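A short worksheet on the structure shown next.
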Amino acid sequence: MDERRCPDCGVGMEETSVRTGDGMKLSISTGKREGLLGKLGVGSTTSLETVRCPECGLVRLYAAGD
């Protein structure tokens, strides 16, 4: 992951993890898949990268790059 800077404090943000109540990592839908899986209605997802500012506590989520 590229270094992210806090827009409020200007300091480097630290990687952190965010999970659901069931302990699963968060993900987002990126839309419908192509091919047979798409015809069956199966969507595609990507994980989220999470960073936190050590100064003010701001948390940001970014879609993981492929």
Side-chain angles (χ1 to χ4, degrees):
M1 176 189 318
D2 295 332
E3 181 183 3
R4 310 272 188 191
R5 300 200 73 68
C6 178
D8 296 334
C9 302
V11 301
M13 296 182 83
E14 302 171 344
E15 287 187 56
T16 190
S17 63
V18 178
R19 299 190 183 275
T20 66
D22 297 332
M24 305 295 285
K25 287 187 175 182
L26 299 179
S27 63
I28 58 170
S29 175
T30 58
K32 195 171 181 179
R33 286 186 173 179
E34 299 293 323
L36 178 62
L37 291 177
K39 290 179 183 176
L40 294 174
V42 176
S44 183
T45 61
T46 190
S47 62
L48 294 172
E49 296 173 349
T50 311
V51 291
R52 179 184 171 277
C53 175
E55 295 291 322
C56 70
L58 175 72
V59 174
R60 286 202 163 182
L61 304 172
Y62 294 91
D66 292 335

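These figures come from a predicted structure and were not determined experimentally.
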* Mind checking side-chain contact (heavy atoms from CB on, under 4.5 Å) for Ser47 and listing every partner two or more places apart, or none if nothing turns up? => Ala64
* Residue list, side-chain contact (heavy atoms from CB on, under 4.5 Å) with Glu55, at least two apart or on another chain -> Cys9, Val11, Cys53
* Evaluate the side-chain proximity of Leu26 to Thr20: yes if any heavy-atom separation is below 4.5 Å, no if none is. =>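 Touching, per the 4.5 Å side-chain cut-off.
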* Side-chain heavy atoms of Val51 within contact of Tyr62, under 4.5 Å -> yes
* Out of curiosity, Arg52 CZ to Leu61 CG, how far, rounded to the nearest 0.5 Å? ->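 Rounded to the nearest 0.5 Å, the CZ-CG separation comes out at 13.5 Å.
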* Asked: Measuring from Arg4:CZ to Arg60:CZ, what's the distance to the nearest 0.5 Å?
  ->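 One gets 9.0 Å once the value is rounded to the nearest 0.5 Å.
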* Asked: Which residues pass the side chain to side chain donor-acceptor pair (under 3.5 Å) test with Arg5, sequence neighbours left out?
  -> Glu3
* **Worked check of side-chain contact (heavy atoms from CB on, under 4.5 Å) between Leu48 and Val18** => CA-CA 9 Å; Leu48 294 172; Val18 178; over 6 Å; no
* How far apart are the closest heavy atoms of Leu58 and Met13, and which atoms are they? ->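 Looks like O-CE, 3.5 Å.
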